[in-house]
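Working notes for the structure below.
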Amino acid sequence: MNAISRNEIVELDAPLVSFTLNGREVSGKPTETIIEIAKREGVEIPHLCYKEGLDTAGNCRACMVEINGERVLAPSCCRTPTAGMVVSSSSERAVKAQQMVLELLQSDMPESAYTRDNEVDYWADQLKIGKPRFAPRTQVVQDASHAAITVNLDACIQCTRCLRACRDEQMNDVIGLAFRGDQVKIVFDMDDPMGASTCVACGECVQACPTGALMPARDAALNVPDKKVDSVCPYCGVGCQLTYNVKDNKILYVEGRDGPANHQRLCVKGRYGFDYAHHPHRLTVPLIRRADAPKRGDFTMDPERVMDVFRPASWEEALALAGGKLKEIRDTYGKKSLAGFGSAKGSNEEAYLFQKLVRTGFGSNNVDHCTRLCHASSVAALLEGIGSGAVSNPVMDVTKAEVVVIIGANPTVNHPVAATWIKNAVKNGTKLILMDPRRSEMARIAHRFLQFKPDTDVALLNAMMHVIVNEGLVDPDFIASRTVGYDELEKNVQSYSPELMAPICGIDADTIRYVARLYATSKASMILWGMGISQHIHGTDNARCLISLTLMTGQIGRAGTGLHPLRGQNNVQGASDAGLIPMMYPDYQRVDNAAAKEKFEKLWGMPLDPQPGLTVVEIMHAIKDGNKEGKIRGMYIMGENPAMSDPDANHAREALAALDHLVVQDIFLTETAYLADVVLPASAFAEKTGTFTNTDRLVQLGRQALDPPGEAKQDLWIIQQMAMQLGLDWNYAHVSDVFDEMRQSMPSIGGITWDRLEREHAVTYPCRTEGDAGQSVVFTDDFPTATGRARFVPADIIPADERPDAQYPMVLITGRQLEHWHTGSMTRRTMVLDAIEPDPVALVHPLDLEEMGGKPGDIVTIESRRGTVSLFARADDSSPRGAVFVPFCYYEAAINMLTNAALDPYGKIPEFKYCAVRMTLGGEVPLQGSYGGGQVLAGFIEK
C-alpha cells in the first residue's frame, strides 16, 4: 500500500462511473482502474506486472481487455473507466492477446519453477496454454551471492514489480532496469552481484516477484507449509503484522500481512530473523548451578566449563529451588530485599503477571524493565507535560503532515518500515527536517539536515523556541485555552537566541530561524524522536523542549501533528502500560497515590507497598552498595539481559554475581543466565499467544505458531508456577483470562475484548467502552491531566556527566544496527542476519581513522574509565569527527562495559549516548564465547 497523495485525497469523494464489464453493468470511482473494479466484482483478469499497492506500469500486457469502439486493446491495469464504456476481458480478441503474452513469457521460463506461487504458470493454466511454440532465451547464471535472497534472472519477465517495490515502497533505490533491446535486464546498483550491492534485504522485492526470479535463499519458498499462522513481528516497536509459514513445527518463511502499521511491508529482521527459535542453543530443560561450580564472579563463558557450571533438573526441583530461595530471602531480610526485571519482548499478559508477582509475591515495587534504558526520560516528560506517556499520533500520520521533524532517531536502521512511510511522505511533498549528531540515510531526502554537536539538544531546541516566541509565531488561542506555564517558558528562552546558540550547537543562526519558522507556520507539523533524545542525563529536558515546541505552536491534537517517541522493542509500550515499572501500577497509576493503591489492593486481594521501587540501575547499586535495610539479595529476571544492556556492564555483572540468589527465565543461556543459580527454559515469541502493543498504541494479537522445544514451557505458565512457590494462589486457565483482568484495572483498554482481537487482530487504545473504534489521534480537545491542560516546563543547558578531555578525547555513541537487535541474543542466532553482519564493528570517521594510521578492517581498541573493548573499524562518515559509534549487540565487544551509568534525575535513564573514550590501533577481538557455550550445553543436555 502506498501513501495517499494530496491530489488523490481530493478525488476520493468523486461520483461513481457506470460502465459494462463482460456483459453486466458495474460502477467504480473515476480514479480506479478497470482491473481494480473487476477484482472487486469477482472478475479475474490475467495480470503479471500489476500488483495491488504498487504504481501501475502496464508493461507486461497480460491484462489486455477489449473496449467497444476502439481499434486497439487496452491494458486494464492502466485504463480508467468512462460512463457508458463497454469492456470485455473474455472476448476472443482479448483472450488471444492474453494467451500470446503468456505463451511468450512461458517460453523463456525455466522448466522447473523456482517458487510454488509462479504466477506465469498459474495464468498459463487458467488460459489453457499448452507447451510454448517459441525458443527460449539464453539461460542466465544464478546469483547466490546474497545471504537472504537468491536471484534467478532466467525466470525474470521484467514486470518491474521488484523495481517498483524497491523504489516506490521501500525507496531504497537498489534495483534498476538497465540496457536496451534483448539485453535489457534487472540490475542491482551498477549491475553488481546482489550480495555486493547496497541492498538492505527488506525482501520487498521477493514478496513482489511473481515468478521466483527473486526468492528466499535455500529454496524455502518451494516447501509447502502445513499451516499459516497470522501473528506480529517480534522485533522493533513498529508492530508489523506477518504470517508464519510452518511445516513440521519449523518456520519455513515469513510473509508480510496487511496490518495497520505495515500494510504487508517488512524489514530484514521481520522477514528473515525467525530461525533463532530453532537454534541448537535453545534451552530445553531447567538448569541448576552445581554446588561445586566456579564462582559466579568468574564471567568468562568458557564452552569447556559449561558442564561444570550447570546440571539439568526437573521442573519440580528447579521451581522449588527458584521460588523457595526467593521466599526464604524475603522472609529473612524483608520484602525490599528482592527485585524483578520483566521483559519488553514478552506479551502484555506476561508483563502484567510479572509485575503483579513482584508487588504481591515479593511485597515491594522493585520491578522494572528495559524502558528504563530507552525512553524513561521521554515518558517522564510526557507524563509531566501532557499527562500521558504514549504517542499522540501514529507513525502513518507523517503522510498527512506538511513538516516532519526527526530528532535523535535513525528510523531506517531502528524502525525500517516506519521509515518507508516517512520516505513516501517526502516523495509526496512533506518537508523532512532531520536533526542529529550523526548523518543517517534519511539525510539524503531531508529538506534540511541539522547535524548539531553531540549533547547540545537543549541549546538548539531553545533557540528554535526563541525564534517562534519573538517572531510571534506561537498559537495564542491554543496556549490560552489548553496550557499552563507559558509565561515562564517565554521568559526562559529569551537568553537562547540563535546567534548565541549557534557556536554551541554548531548550526548557523539562519538555519535555526528557517527551521523554526517552517515548523511553526505549517498547517501540520509532527515530531518523532528516538533514544538520541532520551539517553542523556538531560534526556527529560530534551523531551520537555520538544513538548514545549509542540504546545506553543498548537501542533498537537490533529492528524499530521503531535509527538511520537519511537519505541525500540516490540512491546516496550505494552510492558510499560501493564505496570512493569517501579513507580506505576498498570495504566500509569502511581503507586504512592492512595486511591490507586486502594483500587489494586481490592483487585489483587492484599496490601501493597506505597513506596515507589528501585529502577534498573538503582537495583544494581543496591546489590553492591546498598545498606543493610535496602540491600537487594535476590532477583528474578525474565527475558532481559542486563549483563549486556546495562551501562558500566562490568559493574552490572559484578552485582548480579554478588546476589544470594538469581533466577533467570529465558530461551538461551544469555550472558545474564550464565550468572544464574536457576535457569528456567522459556518460550520464544512464535511459541506463545498474547497481545503486544506497538509504538502507535495499537494492541495486536500474536498467535502461537510453534511448540516449545524439549521441556521448555510457556512464560505465563512459569510465572504462575513461581507465584505459587511464593504463596500466591493464581489460576489463569488461558491467556485471555489475564487479559480480562487487565481490562478491569486499565481503563485505556477497557473496551477491547479478546473476541474482538481474534476477529480484528488489532485495536488502538484508548478504547474505553466495548464497540468503540479506538482513538489513533488523541488530545483533540483536552489533555489527560487534572485540569485538562498541558504544562510548559522550561529547560536549561546541562552538560553531559562526562566530557572529553586530554586523557579521553573522543565521544562514544552507542545504538543499534539494522541487522541486529538489542543485545543480539536472538538476531545473532539467526542465520541470515548473522551472515550479513557477523563481526563487531566501530563506525569511525574516515579522517579519524587515517589520522591514527589505520584503515577499514583494522582492529581498534576503545577505552573509557570503566572498561576496554577491541573490535573492527569501519570507515563511516555518518558520525562527526571525534565521535565513534558502536552497536551494543556484540558479546565479544560488549560496548556497555564502557558506557556511563550516570542517571537522568527524572527518568532515571543512563547516559548511553555520551561518554569520553580514547581509541588506539590494535588489540584482539575474542571469539564468540557465549554461543560456543550454548553449543556445548545443547550437546550436554541431549546426553
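- Residue Q665 holds its CD atom at 11.0 Å from CG of L283, rounded to the nearest 0.5 Å.
- Here the closest non-hydrogen pair linking S347 and N571 is C-ND2, 3.4 Å.
- Residue A658 comes nearest to I623 through the heavy atom pair CB-CG2, 4.2 Å, listed as atom of the first residue, atom of the second, then distance.
- Looking at D648, its side chain never comes within 3.5 Å of a backbone N or O of T899 through a donor-acceptor pair.
- Side chains of T691 and E349: a donor-acceptor N/O pair is present below 3.5 angstrom, by distance only.
- Using bins of under 30°, 30° to 60° and over 60° for the plane-to-plane angle, the ring pair F668/H279 lands in the perpendicular bin.
- With salt bridges taken as basic N to acidic carboxylate O contacts below 4.0 Å, one links D609 and K336.
- For T672 and N641, the side-chain atoms include at least one donor-acceptor pair closer than 3.5 Å.
- A donor-acceptor pair is defined here as one N or O able to donate and one able to accept, closer than 3.5 Å; such a pair exists between the side chain of S864 and the backbone of L898.
- H651 and R866 share no side-chain donor-acceptor pair at under 3.5 Å.
- Residue M724 places its CE atom among 12 or fewer non-hydrogen atoms of other residues, nucleotides or ligands, all under 6.0 Å distant.
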*So L287 and V678, side chain to side chain contact (heavy atoms under 4.5 Å, CB included) or not? Walk me through it.*
CA-CA 6 Å; L287 303 175; V678 182; over 6 Å; no
*Derivation and outcome, side chain to side chain contact (heavy atoms under 4.5 Å, CB included), residues V232 and N570*: CA-CA 9 Å; V232 292; N570 63 316; over 6 Å; no
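- Looking at F310 and L669, their side chains come closer than 4.5 Å, going by heavy atoms from C-beta outward.
- In this structure, E819 contributes its side chain and V268 its backbone to no donor-acceptor pair below 3.5 Å.
- Listed for the K327 side chain is no donor-acceptor partner under 3.5 Å among the backbone atoms of Q725.
- The backbone N or O of V832 lies less than 3.5 Å from no partner atom in the side chain of T830, so there is not a single donor-acceptor pair.
- Taking every heavy atom of both residues into account, M742 and A578 meet most closely at CE-CB, 4.4 Å.
- The distance from the CZ atom of F362 to the CD1 atom of I329 is 9.0 Å, given to the nearest 0.5 Å.
- Side-chain contact between S364 and L338 is absent, with no heavy-atom pair separated by less than 4.5 Å.
- No hydrogens or angles considered: nothing links the side chains of E640 and H369 as a donor-acceptor pair under 3.5 Å.
- Among residue pairs with one or both ends in residues 711-737, those qualifying as salt bridge (Lys or Arg N to Asp or Glu O under 4.0 Å) are K688-D715; sequence neighbours excluded.
- For E618 and K908, the salt-bridge test passes: some basic side-chain N is under 4.0 Å from an acidic carboxylate O.
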*Would you please test S534 and I909 for side chain to side chain contact (heavy atoms under 4.5 Å, CB included) and show each step?*
CA-CA 8 Å; S534 59; I909 191 170; 4.2 Å; yes
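- With E687 contributing its side chain and A684 its backbone, the two residues share a donor-acceptor pair below 3.5 Å.
- Ring pair W604/Y585 is perpendicular by interplanar angle, where above 60° counts as perpendicular and below 30° as parallel.
- The distance from the CG atom of L680 to the CD1 atom of I667 is 14.0 Å, given to the nearest 0.5 Å.
- In this structure, L242 and C233 have side chains that are in contact, with non-hydrogen atoms separated by less than 4.5 Å.
- Within the cation-pi definition used here (under 6.0 Å to the ring centroid, within 45° of the axis), R828 does not qualify as a partner of Y890.
- A donor-acceptor pair shorter than 3.5 Å cannot be found between the side chains of Q611 and N365.
- Separation of atoms CZ (F888) and CG (L373) is listed at 8.5 Å; rounding is to 0.5 Å.
- A ring-ring contact (aromatic ring centres under 6.0 Å, His included) with F685 is found for one member of F692, Y235, F274 and no other, namely F692.
- The closest side-chain heavy-atom distance from Q704 to L706 is not below 4.5 Å.
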*Is there a ring pair (Phe, Tyr, Trp, His ring centres under 6.0 Å) between F354 and Y636 once you walk through the steps?*
CA-CA 10 Å; F354 192 92; Y636 176 21; 5.0 Å; yes
*asked:* Please determine whether ring pair (Phe, Tyr, Trp, His ring centres under 6.0 Å) holds for the pair H281 and Y276, giving the CA-CA distance in whole Å, both sets of side-chain angles, and the decisive distance to 0.1 Å.
replied: CA-CA 9 Å; H281 295 181; Y276 71 91; over 10 Å; no
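- Side-chain atoms of N900 do not come within 3.5 Å of backbone N or O of E911 as any donor-acceptor pair.
- The two residues G346 and E350 have their closest heavy-atom pair at CA-OE1, 3.1 Å.
- Atoms CG and CG, from L326 and D660 in turn, are 10.5 Å apart once rounded to the nearest 0.5 Å.
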_Before you tell me yes or no, could you show the steps for Y244 and L252 under side chain to side chain contact (heavy atoms under 4.5 Å, CB included), namely the whole-Å CA-CA distance, both residues' side-chain angles and the distance that decides it to 0.1 Å?_
CA-CA 8 Å; Y244 290 120; L252 299 176; over 6 Å; no
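- Interatomic distance, OG1 of T615 versus CE of M583, reported as 6.5 Å (0.5 Å rounding).
- Side-chain polar atoms of N896 and S645 form no donor-acceptor pair below 3.5 angstrom.
- Within the 3.5 Å criterion, the main-chain N or O of D368 finds no donor-acceptor partner in the side chain of R372.
- A donor-acceptor pair under 3.5 Å is absent between the side-chain atoms of Q720 and the main chain of W717, judged by distance alone.
- The closest side-chain donor-acceptor pair between N650 and E654, if any, does not fall under 3.5 angstrom.
- The closest side-chain heavy-atom distance from D577 to T693 is below 4.5 Å.
- Cation-pi geometry between R633 and Y333 is satisfied (NZ or CZ under 6.0 Å from the ring centre, within 45° of the ring normal).
- Listed for the R282 side chain is no donor-acceptor partner under 3.5 Å among the backbone atoms of G710.
- A pairwise comparison of heavy atoms in H820 and R816 identifies O-CB, 4.5 Å as the closest pair.
- Contact check for L812 versus V886: side-chain heavy atoms found under the 4.5 Å cut-off.
- Residues T861 and V869 fail the side-chain proximity criterion, which asks for heavy atoms closer than 4.5 Å.
- Residue A318 comes nearest to P286 through the heavy atom pair CB-CB, 3.5 Å, listed as atom of the first residue, atom of the second, then distance.
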